[in-house]
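Just so it is clear, the values below take in all heavy atoms, side chains as well, and ignore hydrogens, waters and symmetry mates. Within every chain, numbering begins at 1; the chains are lettered A, B, ... in the order of the sequence lines, protein sequences first and strands thereafter.
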There are 2 protein chains.
Amino acid sequence: MLSIGKLGQAAGVKVPTIRYYEQIGLLPPPDRSAGNQRLYPRAALERLSFIRHARELGFPLEAIRDLLSLSDRPDHPCEAVDDIARAQLEATRARIARLRALEAELERMLAQCASGRVSDCRVIESLGNHALCTHHVEAV
Amino acid sequence: MLSIGKLGQAAGVKVPTIRYYEQIGLLPPPDRSAGNQRLYPRAALERLSFIRHARELGFPLEAIRDLLSLSDRPDHPCEAVDDIARAQLEATRARIARLRALEAELERMLAQCASGRVSDCRVIESLGNHALCTHHVEAV
DNA sequence: TTAATCTCTATAGCAACTAGAGCTTCAAGA
DNA sequence: TCTTGAAGCTCTAGTTGCTATAGAGATTAA
Ligand SMILES: [Zn+2]
Ligand SMILES: [Zn+2]
Ligand SMILES: [Zn+2]
Ligand SMILES: [Zn+2]
C-alpha cells in the first residue's frame with residue numbers, strides 16, 4: 001500500500017492534484033489508515049499514471065474520464081476510444097495551425113521594426129492597426 | 001461618444017469584457033451619462049482595438065498592460081516593446097514545438113491501433129504504459 | 001405610451017490546478 | 001519513551017481571461 005506522497009512521487013503527480021482528482025471523481029476514494037490517511041493499492045498507481053500520460057498529451061479531464069471508463073470494458077470494440085484520440089489529434093492540429101499563423105505575424109512585426117523610437121515602432125503600429133495584417137486567424 | 005455596446009461592436013469585443021478590462025485597470029473608467037451609463041470617446045476605440053489585436057496574437061493581459069504604457073511614451077526607444085513581442089514569439093514557438101510532439105505521439109498511437117477490442121487497443125495501451133513512447137516533452 | 005433593447009451592479013462559474021492556514025499523524029533518532 | 005520534523009488532513013481562496021446570470025434602471029423607436 002502506498003501513502004499519497006509515495007503515490008505522487010511514483011506517478012509524477014503532485015499530492016494536491018491527487019486529492020483534486022479524488023474530489024472530482026476521477027480517482028476513487030481510497031481506504032484510510034487508522035489515523036485517517038489515504039492508503040492506495042498498486043492499481044491506483046496504474047490509473048494515476050494513465051491519467052498523467054493523457055494529461056501530458058493534452059486530453060481534457062472529461063475525455064480522460066471517458067477513456068478510463070472505456071478501458072474498464074475490455075471486450076467492447078475500441079471505436080469510442082479511438083474517436084476520443086482522433087478528436088484530440090484534431091484539436092491539437094487546429095491549435096498548431098493557429099499558433100503558426102500567430103508566429104508568422106509576430107515574426108513579420110519584429111522583422112519590420114527598425115528598433116528606433118516607440119513612435120516609429122512597427123510592433124506598436126501593427127498592433128494598433130489591424131489592417132496591416134496580411135493574414136488573420138479567428139480565435140479557436 | 002459611444003455607448004459600451006457600440007464600442008464593443010466597433011472593436012469586436014463583448015460588453016462584459018470591456019467592463020472587465022475597466023475593472024482590472026486596462027481601460028480607464030470613462031465618463032458617465034446622466035443615467036450613469038458609460039460614454040466612451042473615440043480614443044477608447046483605438047485602445048480597445050489594440051488590446052483585442054494583441055489578445056488575438058496571444059499576448060497575456062499583463063504584457064498588454066506594459067505595451068499600452070510603453071506606447072504612451074513615443075519618444076522612448078522601442079526596445080522594451082520589441083522585447084515583449086520577442087518573448088511572445090518565443091512562447092508561441094515553444095507551444096508549437098510541444099504540440100507537434102503531442103501530434104506525433106497521437107498519430108502513432110492511432111496508426112498502430114487495429115481497431116479491435118479495447119483489450120487490444122494501442123491507444124489505451126500507450127496511455128497506460130509510458131515506456132511505449134518514443135519521444136517525450138515535458139509540460140511547458 | 002409602451003415595448004423592446006441597453007445598461008447597470010454584483011456574484012458565481014469555467015479548467016485544472018496551486019497555495020496557504022491551521023491542524024493531526026507518523027517515523028526515526030536520542 | 002520522548003521529541004522533532006516531515007508528511008498528511010480539511011477547507012478556503014487564488015490563478016487567467018473571461019462568460020453567464022439576476023434583478024434593477026435607462027434609453028430609444030414605434
Ligand atoms: Zn520596435
Ligand atoms: Zn493581426
Ligand atoms: Zn483502438
Ligand atoms: Zn508519451
Side-chain angles (χ1 to χ4, degrees), chain A residues 1-27 29-40 44 48 50-68 87-88 91-92 95 98 102 138-140, chain B residues 1-27 29-40 44 48 50-68 87-88 91-92 95 98 102 138-140:
Chain A
M1 299 294 267
L2 297 163
S3 71
I4 194 170
K6 301 284 177 197
L7 175 66
Q9 254 186 317
V13 175
K14 290 184 186 147
V15 167
T17 304
I18 298 174
R19 288 197 276 250
Y20 169 72
Y21 287 163
E22 178 182 327
Q23 192 193 309
I24 64 169
L26 206 58
L27 285 176
D31 291 338
R32 301 290 184 117
S33 73
N36 198 35
Q37 303 196 350
R38 291 171 177 83
L39 286 178
Y40 293 92
L48 185 54
F50 183 102
I51 295 172
R52 189 207 162 183
H53 197 186
R55 282 296 299 135
E56 279 176 357
L57 287 170
F59 286 90
L61 291 180
E62 274 318 296
I64 295 173
R65 198 190 292 275
D66 293 344
L67 287 172
L68 283 168
Q88 182 58 25
T92 305
R95 276 193 254 159
R98 169 149 199 266
L102 304 189
E138 289 313 306
V140 178
Chain B
M1 300 295 266
L2 297 162
S3 71
I4 195 170
K6 300 284 177 197
L7 175 67
Q9 253 185 318
V13 174
K14 290 184 184 150
V15 167
T17 304
I18 297 174
R19 288 197 278 249
Y20 169 71
Y21 287 163
E22 178 183 328
Q23 191 192 310
I24 65 170
L26 208 59
L27 286 176
D31 292 337
R32 302 288 184 119
S33 72
N36 197 36
Q37 303 195 350
R38 291 170 178 84
L39 286 180
Y40 292 92
L48 185 54
F50 183 102
I51 295 171
R52 188 207 162 181
H53 197 186
R55 282 296 300 137
E56 280 176 355
L57 287 169
F59 286 91
L61 291 179
E62 273 318 297
I64 295 173
R65 197 189 294 275
D66 294 344
L67 287 172
L68 283 168
Q88 181 60 24
T92 305
R95 276 193 256 158
R98 170 150 199 266
L102 304 189
E138 289 312 306
V140 179

Can you give one letter per nucleotide of nucleotides 8-26 of chain C, going 5' to 3': B for a protein heavy atom under 4.0 Å from the base, S for sugar-phosphate only, - for none? SB------BBS------SS
Applying side chain to side chain contact (heavy atoms under 4.5 Å, CB included) to B:Tyr40 and B:Leu48, what does each step give before you reach the verdict? CA-CA 11 Å; B:Tyr40 292 92; B:Leu48 185 54; over 6 Å; no
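The side chain to side chain contact (heavy atoms under 4.5 Å, CB included) check on B:Tyr20 picks up B:Ile24, B:Leu61, with sequence neighbours excluded. Applying the side chain to side chain contact (heavy atoms under 4.5 Å, CB included) rule to B:Thr17 yields the partners B:Val13, B:Lys14, B:Tyr21; only residues at least two apart in sequence or on another chain are considered. Under the rule for a side chain to side chain donor-acceptor pair (under 3.5 Å), the partners of A:Arg65 that lie at least two apart in sequence or sit in another chain are A:Glu62. Looking at residues two or more places apart in sequence or on another chain, you find a side chain to side chain donor-acceptor pair (under 3.5 Å) between B:Glu22 and B:Arg38. Looking at residues two or more places apart in sequence or on another chain, you find no side chain to side chain contact (heavy atoms under 4.5 Å, CB included) involving A:Ala91.
Considering only heavy atoms from C-beta on, A:Ile51 comes within 4.5 Å of A:Leu68 through its side chain.
Chain B approaches DNA chain D over the interval D:dG17 to D:dT27, counting the first and last nucleotide 5' to 3' with an atom under 4.0 Å from its heavy atoms.
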